[in-house]
Each structure stands twice: as structure tokens, then as C-alpha cells.
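By convention in this document, chain letters (A, B, ...) are assigned in the order of the sequence lines, proteins followed by strands, and residues within each chain are numbered from 1.
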Number of protein chains: 2
Amino acid sequence: MRTAEFDTEFVLRKAMHAFMQYGYAKTSMQKLKEVTHLHPGSIYAAYGNKKGLFLAATEQYQKDRNQQFTALFNDQQSILSTLKHYLTVIVDECIEGEVAKVCLLTKSISEVEGNDPQICTVLRSNLNAYEHALAEQLQKALDNNEFVSSKSAQQLARFLVMGIYGIRTYALTNQDPKSLQQLADDLFAALVN
Amino acid sequence: MRTAEFDTEFVLRKAMHAFMQYGYAKTSMQKLKEVTHLHPGSIYAAYGNKKGLFLAATEQYQKDRNQQFTALFNDQQSILSTLKHYLTVIVDECIEGEVAKVCLLTKSISEVEGNDPQICTVLRSNLNAYEHALAEQLQKALDNNEFVSSKSAQQLARFLVMGIYGIRTYALTNQDPKSLQQLADDLFAALVN
DNA sequence: CCTTATCTTGAATGTATGTTCAAGATAAGG
DNA sequence: CCTTATCTTGAACATACATTCAAGATAAGG
């Protein structure tokens, strides 16, 4: 006979950013309490425990990413030019010291791999969906004769996500925008040649 | 008037493997105590604190990796064929569920980036040295006319490490050996074309 | 407007954490 | 072989952690 008061999206985005910044283990309930403006009781009532909140935040992250992805690839440009632009967006994300500097999914799976199968399964399936979405776009581009390739859309998508993961990791070692953009360009060239 | 008793390399390799498995934050002193067979007093006397032990373990890791790298690239094969073999070694490492499944340097920098500048600086410099070592080999290959490229050895090396980081991350989402080997082949092809 | 189901609050709990330290053990120097 | 410097041992410490729960607050149903 009473409805919850807090804004779910606000809470999940705040939690999501905390997990992106500090990692899963180092994001304490104390910190989550602060950033979400929720008391422990409310968090545990709504999400069960820290892992539950993390998984909910992951879901929100995936939703937000999907929306960004769909918005980019649903405009009327050619798929290849959109893809080139998409890579530039990723490079920019890697540079600006703010949010989205890292991918929550890859960062988290790297952290918990081998230690939390439940979280890993969820993250893996999200990342596989991402790869599949890229494969779909590449298949469309092939169907439209935007480019020709000896490889399948699936193989191309795999190479592309590998490159994206690689750029994001490389950005941790070298923040030079020119180097990162060059990597993106080389990756794109390797894909369409 | 008394010499330390424990075997430094044994201790550092055990610590190194623990950090690789559990990550920096989740590797407790309790765990480190167990795997190194050292009592807290000894650890703190020898390495100061957990971070000191981690940095020493990192140094050991880099030494071991350097030795593997040098052994591979100092045989009498062509550099390109050695590189191709090296990529296969990395793919194998990603598959077998044992040690070396992940790179301690990239896993750790991904975890602590933005939160521990001291550790980041050390890891970054190690990873930069790795990139530089690959650039040297590629420069030699170019000098030997093993292949021709419109890109500099430095640019090629950057692309190569990006690919290696990417393969290692991709392996967290997909353990299929064929897919991983295909990525390595595609990466090699993109490099020399 | 009263009841009641549900949400919010925040103090309390037990455990695990990184670290310290004093007592005991032991190898090298004279 | 005794002295002394250094290492080893493991109990103790304070703090930080994830989680619980009972009391208080509040919105909806009758």
C-alpha cells in the first residue's frame, strides 16, 4: 500500500558509474549508498544484495549502449561510414576522462573471470549480443555491396570486436588521441580490405 | 647476522599467480600468506605491504615474459614466422584453463586505472616496453625485407599489441579455439598486407 | 479518517580486511 | 661457543566490509 520512491534509472546509472570507476570488488556498499542516495535497507529490499544491484546496473548499461548503437546505425548514412564514425566515438570515449572511459562489461568480466560464474555468464551473453549486432550491420553492408570481403560477416564482426576491445585496452597504456585514432583507422582499413 | 630463508622467485611467482587469478583487490593477504607460505611479518619485512608485494610480483612477471619473448625471437627462424608462432602461443595461453590465461599487466591496469596512479605508472611502462620490443622485431623484419608495408614499425607494433590485447579480452567471451586462432591469423594477415 | 501493507531509516552485527609488534628462533662474526 | 643482528612466528589490532532488522514514516484502500 505504498509505492517505491526512488528513481530506478537514476539509481542504476549512478551505481553503474561507480562500478565503472572503482571496479566490482572495490565499489563498497558505502560508496553505492552515497552515490544512489539510498539506505542499505532500500538497496537490499530492491536488489537483494550487491551482486543484484550490479547485475541490474549492467542491464541498464546494456540498454543505454543499445540505444546509442541503434541511434547511430539507424540514420540514413551508409553502414560503413556509420561504422567509421562509431569507431571515432569509441576513441573519444577512451580519451575524455569522464564517464564511459571504459566498457563496464569487459572491465567487469576481466575482473571476475574464473571467480564468479554467474556474473560472467551474464556479461558474456551481453558481449555476444554486441558482437551479433555488429555482425548484422556488416551483413547488411555486404548485402548492399558497400564492400566485398573474402570473410563472412560473422568473421568480420569477430575481428571488429577484437579491435574495439584492443583499442580500449590500449588506451589504458597510451592516451595520445592521434595514436588511438590511427588504430581505429587501421582497424577499419583491415576490415574492409 | 642472519639471511632470509624463503626463495624469492618461488614467493613472487606464487603471489603473481594469485593476483592473476583473483585480481589485485580480491587477493587478500590471507591468500597471499597461504600461497607464499610466508607469515605476515615476513611479507611486510620484505615488501613493505600488499602493494609492494604486487609490484615485486609484477617485476617477476615481466622478467619471465621477457625471457619467453627473447627465447622465441632469438632462434634462427625468420621474424615473421616467429611472430606467427608467437600469436599461436598467446592463443593457446588464452585457452588452457591454467596459469597465464590472462596478462597480469593488462588485467591489473584495467582494474586499478583511475584509482592507483603509482601502480598504473609501473604497469604502463612495462606495457610500453612490450610494445617497443615488438616494434624492434618488426623493424628488423622490415630491414630484412621479410615484408613491405606503408606503415612504420612503430605503427605496426601498436596495431599488433592492440590485436593481442583484443584477442585476450575476446577470449573471455568466447573460448572456442578455432575462433581465437582465426583472429590471430586475421591479425597477422592485416599486419603484413 | 482510520487501517494496513509497504517503504524508509540508520544503528547494529559479525566477519574479513591490511597491518603491526613483541617474543622466540637462528645463522654469522669474533 | 657465545654474542648479536636479523629473521620468523602468530597473536592482536583497528578498520572496513556486506548485510540484517526492528522501529518509524507514509501512501493507498475501504
Side-chain angles (χ1 to χ4, degrees), chain A residues 1-58 104 108 111-112 114-120 122, chain B residues 1-58 104 108 111-112 114-120 122:
Chain A
M1 308 287 170
R2 197 182 161 196
T3 47
E5 283 178 3
F6 63 85
D7 176 357
T8 299
E9 287 199 10
F10 172 86
V11 164
L12 292 182
R13 290 219 181 85
K14 288 294 188 182
M16 171 181 124
H17 287 134
F19 284 124
M20 286 165 82
Q21 178 167 7
Y22 304 110
Y24 178 64
K26 268 288 192 183
T27 302
S28 62
M29 286 303 297
Q30 169 73 23
K31 202 97 211 164
L32 289 166
K33 228 180 63 183
E34 287 167 14
V35 299
T36 62
H37 304 145
L38 247 47
H39 293 250
S42 299
I43 296 182
Y44 282 83
Y47 304 104
N49 53 25
K50 180 177 166 180
K51 194 197 280 195
L53 176 53
F54 173 78
L55 290 174
T58 290
L104 176 63
S108 304
E111 181 181 343
V112 306
N115 300 296
D116 194 318
Q118 190 190 356
I119 291 182
C120 277
V122 172
Chain B
M1 307 286 170
R2 196 183 161 193
T3 46
E5 282 177 3
F6 64 85
D7 177 357
T8 299
E9 288 200 7
F10 172 86
V11 164
L12 292 182
R13 291 220 180 84
K14 289 292 187 182
M16 170 182 125
H17 288 135
F19 284 123
M20 286 166 82
Q21 179 167 5
Y22 305 109
Y24 179 65
K26 268 289 191 184
T27 302
S28 62
M29 287 303 298
Q30 169 74 24
K31 202 97 211 166
L32 289 167
K33 229 179 63 184
E34 288 166 14
V35 299
T36 61
H37 305 144
L38 247 46
H39 293 250
S42 300
I43 296 182
Y44 282 84
Y47 304 105
N49 53 24
K50 181 177 167 181
K51 193 196 280 196
L53 177 53
F54 173 77
L55 291 174
T58 290
L104 177 62
S108 304
E111 181 181 344
V112 306
N115 301 294
D116 194 317
Q118 189 190 356
I119 291 182
C120 277
V122 172

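Nucleotide C/dG18 holds its C1' atom 11 Å from the CG atom of B/Leu32, rounded to whole Å. Atom CG in B/Asn49 sits roughly 22 Å away from atom P in D/dC13 (whole-Å rounding). What separates CD of B/Gln30 from P of C/dG18 is a distance of 9 Å, to the nearest Å. Counting to the nearest Å, the P atom of C/dG18 and the NZ atom of B/Lys31 are 12 Å from each other. Separating the NZ atom of A/Lys26 from the P atom of C/dT17 is a distance of 12 Å, rounded to the nearest angstrom. A straight line from NZ of B/Lys33 to C1' of C/dA16 spans 12 Å, rounded to a whole angstrom. We find that CD of A/Glu34 is positioned 13 Å from C1' of D/dA16, with the value rounded to whole Å. Counting to the nearest Å, the P atom of C/dA27 and the CZ atom of B/Phe6 are 15 Å from each other.
Set against D/dA18, C/dT19, C/dT17, the side chain of A/Met29 has D/dA18 as its closest nucleotide.
Remark: B/Ser42 pairs with B/Leu38 by the side-chain contact (heavy atoms from CB on, under 4.5 Å) rule, at least two apart or across chains.
Between B/Val35 and B/Val11, the closest side-chain pair of non-hydrogen atoms is not below 4.5 Å. Residues B/Met29 and B/Ile43 form a side-chain contact, since some pair of their non-hydrogen atoms from C-beta on lies under 4.5 Å apart. A/Phe19 has its side chain out of reach of A/Glu111: every pair of non-hydrogen atoms, C-beta onward, lies at least 4.5 Å apart. Put simply, the side chain of B/Thr27 does not reach to within 4.5 Å of the side chain of B/Phe54, judged on heavy atoms.
Note: A/Tyr47 and A/Phe6 have tilted aromatic rings, judged against thresholds of 30 and 60 degrees for the angle between ring planes.
DNA chain D lies under 4.0 Å from at least one heavy atom of each of the following residues of residues 37-48 of chain A: A/Pro40, A/Gly41, A/Tyr44.
DNA chain D forms stems at C:1-30 with D:1-30, each a run of 3 or more consecutive Watson-Crick or G-U wobble pairs whose two key distances fall under 3.5 Å.
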Please determine whether side chain to side chain contact (heavy atoms under 4.5 Å, CB included) holds for the pair B/Leu55 and B/Gln118, giving the CA-CA distance in whole Å, both sets of side-chain angles, and the decisive distance to 0.1 Å. CA-CA 10 Å; B/Leu55 291 174; B/Gln118 189 190 356; 4.1 Å; yes
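Cation-pi geometry between A/Lys50 and A/Tyr24 is met: under 6.0 angstrom from the ring centre, within 45 degrees of the axis.
We find the OG1-CZ distance between A/Thr8 and A/Arg13 to be 11.0 Å, quoted to the nearest 0.5 Å.
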